[in-house]
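Taking it in order: structure first as structure tokens, then the write-up.
Since the structure is predicted, the reported quantities are computational estimates derived from the model, not experimental observations.
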Amino acid sequence: MSGAPPPARGARLEWSALPGRIRDAVGERLGGPVVEAITQPEGFSPAVAARVRTATGARAFVKAVHAGANPDTLGIYRREISVVRSLPRGLPVPRLLWWLDEGADGWVLLMFEELQAVHAALPWRRDELDRAMAALRALAETPAPAWLAADTGAGEWIRSRWCSWASLASEPPRGLDAWSRRHAERMSELERNVAEAVDGDALVHLDIRWDNLLVDERTAWVVDWPWARRGAPWIDAVFFAPTVEVQGGPAAEDVLAHHLRGTTVDGDAVLALVVAVTGMLTARSLAPPPAGMPTLRAFQAAFARAFRSWLRRITGWT
């Protein structure tokens, strides 16, 4: 897989990094002391992420972060708690069993049911990709819960946080590729109406990619929910499609067509989103790494290349 992203792995903390009081609290919730904790390396947060087992055989997945690890991660974990608590039952989402929030100077912890599921094989296998696409359809068919419906929608979030082409055009950062330099101004025009283009009422995860999916023999499970919003039901498929291509699966346009079969979507709306995501990944991949996440920029750079490749095919711009 030439150009495939490096593993989605950051500076994970071991279970032993948790204070004894928190390890004990987890054991109390599960009915016995934790005797085994296996760190899960996928993901970028400088946090504990472990599958744990107690002396009584109870199991769970625990993720926890301390205030000193990264200035943004506490808020990210807190929002995930709010999101997952609001999701309707029946979605392919692990149940949140318990959470802990020690405040501004402490730890935030989430404890989920442990799934007998793993990350999909790479390159993507057709059967596992089909399960992932079924999970995306389940989200697309689900109205955003009331709490999310009242929050900032995906369109406004993308407009205010992701749209980057105007700044890439006016102040090209060192390392910006030649294709992006040539077309940055045109891209800034295309992404201008992205908020309206992706407006909608569906539940949107807003970060669907291989490392945020787990598969078993029947289901793909969607994990890591801090960015969820309401929006158009095809947003997640657009975000996901180029990541599948670069990780050995079908072409991005084929993945998206599979998701959209039987529906009609404005091509200009899809283009506006592809442009916005491409600009966001391109700009962020050239920024200094966030605190505690030294591998994130290389990962974003690989996906930025995949999105630019798709964008070149859509636009025909050389």
What do the steps show when you test Val274 against Leu190 for side chain to side chain contact (heavy atoms under 4.5 Å, CB included), and what is the final call?
-> CA-CA 10 Å; Val274 176; Leu190 289 174; over 6 Å; no
Can you tell if the side chain of Val198 reaches within under 4.5 Å of the side chain of Arg229, non-hydrogen atoms only?
-> no
Of the options Val52, Leu18, Val48, which is the one that meets Arg23 in a side chain to side chain contact (heavy atoms under 4.5 Å, CB included)?
-> Leu18
Evaluate side chain to side chain contact (heavy atoms under 4.5 Å, CB included) for Val238 paired with Ile235, printing each intermediate quantity in order.
-> CA-CA 5 Å; Val238 169; Ile235 292 176; 5.9 Å; no
For Trp317, is the NZ or CZ atom of Arg186 found under 6.0 angstrom from the centre of its six-membered ring and inside 45 degrees of the ring axis?
-> yes
Around Arg161, counting heavy atoms of other residues, nucleotides and ligands shown, do more than 12 lie under 6.0 Å from its CZ?
-> no
Looking at side-chain heavy atoms only, is the closest gap between Trp99 and Val108 below 4.5 Å?
-> no
Consider only side-chain heavy atoms of I, L, V, M, F, W and Y, link residues closer than 4.5 Å, and tell whether Val255 and Val215 are in one cluster.
-> no
Distance in Å, Met133 CE paired with Asp236 CG, rounded so as to fall on 0.5 Å steps = 10.0 Å
Within a strict 4.5 Å, meaning less than it, do heavy atoms of the Pro250 and Val244 side chains meet?
-> yes
Using only heavy-atom distances, determine whether the side chains of Ser188 and Arg192 contain a donor-acceptor pair under 3.5 Å.
-> no
Flag side-chain contact, heavy atom, 4.5 Å: Val65 against Leu74 = yes
Proximity of Phe307 and Phe303 rings by center, below 6.0 Å = no
Does Arg126 CZ have over 12 foreign heavy atoms under 6.0 Å away?
-> yes
Which pair of non-hydrogen atoms, one from Ala251 and one from Arg313, has the smallest distance, and what is that distance?
-> CB-NH2, 4.5 Å
Just by distance, do the side chain of Ser285 and the backbone of Leu281 share a donor-acceptor pair under 3.5 Å?
-> yes
Aromatic Trp179 / basic Arg312 pairing, under 6.0 angstrom, 45° off normal = yes
If you round to the nearest 0.5 Å, how far is CD1 of Ile314 from OG1 of Thr278?
-> 8.0 Å
For the rings on His205 and Trp227, is their centre-to-centre separation under 6.0 Å?
-> no
Please output the side-chain donor-acceptor pairs of residues 26-36 that fall under 3.5 Å, not counting sequence neighbours, one pair per line with the distance.
from, atom 1, to, atom 2, distance (Å)
Glu36, OE1, Arg53, NE, 3.2

Has Arg95 got more than 12 heavy atoms of other residues, nucleotides or ligands less than 6.0 Å from its CZ?
-> no
Any chance you could lay out the side chain to side chain contact (heavy atoms under 4.5 Å, CB included) test for Leu109 and Trp98, step after step, and finish with the verdict?
-> CA-CA 8 Å; Leu109 177 146; Trp98 179 62; 3.7 Å; yes
Closest heavy-atom pair and its distance - Ala197, Trp234 | O-CZ2, 3.5 Å
Between Trp221 and Phe61, is the ring centre distance below 6.0 Å?
-> no
Side chain to side chain contact (heavy atoms under 4.5 Å, CB included) between Leu129 and Phe240, worked out = CA-CA 11 Å; Leu129 180 57; Phe240 185 50; 3.9 Å; yes
Counting distance only, does the side-chain N/O of Glu191 pair as donor-acceptor with the main-chain N or O of Ser164 below 3.5 Å?
-> yes
Six-ring centre of Tyr77, Lys63 cation under 6.0 angstrom, axis tolerance 45° = yes
Closest non-hydrogen atom pair between Pro94 and Val223, with its separation = CG-CG1, 3.8 Å
Counting only N and O atoms by type, is there a donor-acceptor contact under 3.5 Å from the side chain of Arg51 to the main-chain atoms of Glu114?
-> no
Any Glu102 side-chain heavy atom under 4.5 Å of Ile22 side chain | yes
Counting only N and O atoms by type, is there a donor-acceptor contact under 3.5 Å from the side chain of Trp165 to the main-chain atoms of Val275?
-> yes
If you group Ile, Leu, Val, Met, Phe, Trp and Tyr by side-chain heavy-atom gaps below 4.5 Å, do Leu206 and Leu214 land in one group?
-> no
Is Met111 linked to Leu115 within one hydrophobic cluster, defined over Ile, Leu, Val, Met, Phe, Trp and Tyr using a side-chain heavy-atom separation of less than 4.5 Å?
-> no
Does CG in Asp201 sit with more than 12 non-hydrogen atoms of other residues, nucleotides or ligands closer than 6.0 Å?
-> no
May I ask you to test the Trp310-Leu256 pair for a side-chain heavy-atom distance under 4.5 Å?
-> yes
Nearest heavy-atom contact between Pro145 and Pro88 is CG-CD, 4.0 Å
Judged by atom type as modelled, is there a donor-acceptor pair below 3.5 Å linking the side chain of Arg131 to the main-chain atoms of Glu128?
-> no
How far does CG of Leu168 sit from CD of Glu185, to the nearest 0.5 angstrom?
-> 11.5 Å
Rounded to the nearest 0.5 Å, what separation is found between the CG atom of Leu213 and the NE2 atom of His119?
-> 9.0 Å
Say whether Ile38 and Leu13 are linked into one hydrophobic cluster, either directly or through other cluster members, by side-chain heavy-atom distances under 4.5 angstrom.
-> no
Does the side-chain hydrogen bond (donor to acceptor under 3.5 Å, both in side chains) test come out yes or no for Ser82 and Arg78, once each step is laid out?
-> CA-CA 7 Å; Ser82 297; Arg78 288 183 178 123; over 6 Å; no
Main-chain N/O of Ala120 paired to Trp210 side chain as donor or acceptor, under 3.5 Å | yes
Interatomic distance, CD1@Ile158 vs OG1@Thr152, rounded to 0.5 Å, equals 12.0 Å
Any donor-acceptor pair under 3.5 Å from Glu42 side chain to Asp211 backbone = no
If only atom types and distance count, is the side chain of Arg159 paired as donor or acceptor with the main-chain N or O of Asn193 below 3.5 Å?
-> no
Here the pair of heavy atoms bringing Asp127 nearest to Arg125 is OD2-NH2, 2.8 Å
Hey, does Trp225 have a side-chain heavy atom less than 4.5 Å from the side chain of Leu87?
-> yes
Ignoring hydrogens and geometry, is there a side-chain-to-backbone donor-acceptor pair from Asp177 to Ser180 under 3.5 Å?
-> yes
Taking atom CD of Glu113 as the centre, does the number of heavy atoms from other residues, nucleotides or ligands within less than 6.0 Å exceed 12?
-> yes
Keeping the roles fixed (side chain from Arg230, backbone from Pro143), state whether a donor-acceptor pair exists under 3.5 Å.
-> no
How about Asp216 and Gln116: do any of their side-chain heavy atoms sit closer than 4.5 Å?
-> no
Should the heavy atoms of other residues, nucleotides or ligands under 6.0 Å from CG of Asp266 be counted, would the total exceed 12?
-> yes
Of all the heavy-atom pairs spanning Ala138 and Pro92, show the shortest one and how long it is.
-> CB-CD, 4.2 Å
If you measure from CG on Leu136 to CD1 on Ile208, what distance do you get to the nearest 0.5 Å?
-> 5.0 Å
